[in-house]
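See structure below.
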Amino acid sequence: MQILIESPRGPEASADIAQWRAVAERRLRFVMRRLRGELLQAQVRLEDVNGPRGGIDQRCQIHLTTDGLGTVVVHATRRHATQALDAALKRAAHALVRLWQKQRRPARQPLRALTTAASL
């Protein structure tokens, strides 16, 4: 799985961006460990919506590209970057598991097809 992490740049970005990137990669690998065979690429993007004004403005967007399940894009906005990351990872994992279960679930056959097969 290839992981791309994008975060704010410039003078307004905090000094601990490198630490946040390491945390984001570690959390992503941990949350997606069950479905790592399905994932081809994960892109995590952090942005400060309001800039230096403060408030609930840290948005984390996760874009997952899978082998056979399609593409999943989720985002979450919270006060702190790690909270936004956790919320987005929770949504992404839930969406991937639903897609995976949907793919594995056999399609229902019409009731008539079952009754005619049983009468033969």
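All residue numbers in this chain count up from 1 along the given sequence.
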key: Cluster overlap I3 with L40, hydrophobic side-chain contacts below 4.5 Å   = no
request  = Return the minimal non-hydrogen interatomic distance between C60 and A88, and the atom names on each side.
outcome  = O-CB, 3.8 Å
request  = State yes or no: do V97 and L89 share one hydrophobic cluster built from I, L, V, M, F, W and Y residues joined by side-chain heavy-atom distances below 4.5 Å, directly or via other members?
outcome  = yes
Any side-chain heavy-atom pair of Q41 and M1 under 4.5 Å = no
D57 side, atom CG; R78 side, atom CZ - distance, nearest 0.5 Å = 13.0 Å
Tell me which donor-acceptor pairs under 3.5 Å the side chains of residues 22-33 have, and how far apart each pair is, sequence neighbours excluded?
{"residue": "E25", "atom": "OE2", "partner": "R29", "partner atom": "NE", "Å": "3.4"}
{"residue": "E25", "atom": "OE2", "partner": "R29", "partner atom": "NH2", "Å": "3.3"}
{"residue": "R27", "atom": "NH2", "partner": "D86", "partner atom": "OD1", "Å": "2.8"}
{"residue": "R33", "atom": "NH1", "partner": "F30", "partner atom": "O", "Å": "2.5"}

Pairwise distance CH2(W20) to OG1(T82) - rounded to 0.5 angstrom = 9.0 Å
What pairs of donor and acceptor atoms, side-chain ones from residues 61-70 against any protein atom, are under 3.5 angstrom apart with sequence neighbours left out?
{"residue": "T66", "atom": "OG1", "partner": "L69", "partner atom": "N", "Å": "3.1"}
{"residue": "T66", "atom": "OG1", "partner": "G70", "partner atom": "N", "Å": "2.9"}
{"residue": "T66", "atom": "OG1", "partner": "G70", "partner atom": "O", "Å": "2.5"}

key: Pairing residues for R34 by the salt bridge (Lys or Arg N to Asp or Glu O under 4.0 Å) criterion, not counting sequence neighbours   = none
message = For Q58 and Q83, which I'm curious about, is there any donor-acceptor pair between the side chains at under 3.5 Å?
response = no
message = To the nearest 0.5 Å, what is the distance between CZ on R45 and CG on L4?
response = 10.0 Å
query = With a 4.5 Å limit on heavy-atom distance, are the side chains of L46 and R59 in contact?
reply = no
